[in-house]
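Below: the structure, in structure tokens.
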Amino acid sequence: MAKKTGDNGIVLTEAQKRARRSRSIAIAVALAALVILFYVITLVKGPGVLVRPI
Amino acid sequence: MSLVSEGADFSVTSGSVYAEPGLAEPSLATVGDYIALLKPRVMSLVVFTALTGLAVAPSHIHPLIGFTAILCIAVGAGAAGALNMWYDADIDALMTRTARRPVPMGRIQPGEALAFGVTLAAFSVMTLGLLVNWLAAVLLAFTVFFYAVIYTAWLKRWTAQNIVIGGAAGALPPVIGWAAATGSVSLEPLLLFLLIFIWTPPHFWALALYKSDDYERAGVPMLPVVAGEVEARKQILLYTLLLAPLGVAPWLLGYAGALYGATAIVTGAIMLALAWQVYRERSPEERAGKRLFAFSILYLFLLFAVLLIERGWGGLLIRWAV
């Protein structure tokens, strides 16, 4: 259980820190993968990236 | 609106400073909890049927664009699952099959599940539209909307036909896959849609037969609960009588080869035999229901797998195999 202490604000427990760290890493990995995906697809599609048929 | 989403206290805050209004307990949710929100088992079937739709389509699609399409469909399906778990947290907590899901367990707060689902839904639809095509994106958006709003928020708690109509959401992935590859929709993907659509009722009613206590406790009007087990058994048999010939139809219409035809005939006959056993069974243990439920998954998997092998990427797999 996290605690609220005087000047230090909210102090996370070790379990909460571990959970937050694992979520942060997952978000970073997902964002990096998306950046790479968009970049490579832009290369693959070339000028066709601007063509959007419905 | 689900009871949980209206702010039920999961008691994790009791005794801490976060019990004060406006303070939320820092989350203990792990990455695994968020993955569980995506319903990975359902997602695997969605990915497989969408891949089949994409691979049997006559158009060539760049492998990376195809991968992106499948990724977006998978994430969209996961988003629909997360929204379902957000809305249904109250009834999930009452059923043995779903009680250990992250929201009823209190590992993920309802608002977090909602935000996660909405974000993934928007992102998957926009990415599919921008990187693949907008017809596929519109179909994906409709699928997520249909599952999260029409099925989950409306039909599921209202009518015994919930999974019949709601089955449309689960049946759309091969159509989205086809649309991603071709930019259009034709009779062949609609046949695959119809196959999953008709497969859904006997599949879920077989489960509902031996989980009817769960559904009754949660107040979900599944057919065995509302109309009785005898009627449910009859409906299972009737839908399977429709399903078996429909499974053979892609071969009869020339969309699939002899291997698919033989597989569809044999597995369709087994489905019929199991549905007949369900119809005749009066045992409270519901052995026949469990067998039909398990085999129905294998049935759908086999039909799509054979179609993928025979027709996928212009028959590439079968040429490679022989």
Side-chain angles (χ1 to χ4, degrees), chain A, chain B residues 11-20 22-35 37-38 59 61-72 75 78 102 107-108 112 116 119-120 123-124 126-139 179-180 182-185:
Chain A
M1 194 69 63
K3 288 182 179 168
K4 190 178 171 187
T5 60
D7 295 334
N8 295 328
I10 294 168
V11 179
L12 298 182
T13 64
E14 282 307 309
Q16 285 166 339
K17 282 181 185 170
R18 276 199 305 276
R20 185 179 63 176
R21 182 175 165 76
S22 73
R23 293 195 304 268
S24 300
I25 290 171
I27 291 169
V29 169
L31 283 176
L34 276 175
V35 169
I36 293 167
L37 182 69
F38 272 75
Y39 180 72
V40 175
I41 285 202
T42 307
L43 292 181
V44 166
K45 293 187 95 167
V49 78
L50 296 173
V51 178
R52 311 214 189 288
I54 291 188
Chain B
S11 79
V12 288
T13 58
S14 302
S16 80
V17 293
Y18 304 101
E20 295 169 24
L23 288 176
E25 177 78 13
S27 178
L28 272 169
T30 62
V31 176
D33 290 327
Y34 279 94
I35 290 174
L37 273 188
L38 303 176
S59 302
I61 184 170
H62 189 285
L64 190 65
I65 307 286
F67 166 78
T68 306
I70 296 299
L71 181 68
C72 289
V75 173
R107 293 197 302 272
I108 292 181
E112 293 172 330
F116 187 59
T119 305
L120 290 189
F123 218 89
S124 59
M126 291 306 293
T127 305
L128 189 60
L130 288 168
L131 300 185
V132 184
N133 68 58
W134 285 104
L135 175 63
V138 168
L139 285 169
T182 64
S184 64
V185 174

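Numbers restart at 1 for each chain; the letters A, B, ... are given by sequence-line order, proteins then strands. No experiment lies behind these values; they were computed from the predicted model shown.
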Study note, to complete from the structure: When every non-hydrogen atom of A:S22 is compared with those of B:V31, the smallest separation belongs to O-CG2, 3.3 Å
Point to revise | CZ on A:R18 to OG1 on B:T30, rounded to 0.5 Å | key: 11.5 Å
Revision key, fill the gap. So CG of B:L28 and CG of A:L12: to nearest 0.5 Å the spacing works out to 9.5 Å
Show the atom names and distances, to 0.1 Å, of all donor-acceptor pairs under 3.5 Å that link a side chain in residues 23-41 of chain A to residues at least two apart or in another chain.
| residue | atom | partner | partner atom | Å |
| --- | --- | --- | --- | --- |
| A:R23 | NH1 | B:S27 | O | 3.4 |
| A:R23 | NH1 | B:A29 | O | 2.8 |
| A:S24 | OG | A:R20 | O | 2.9 |

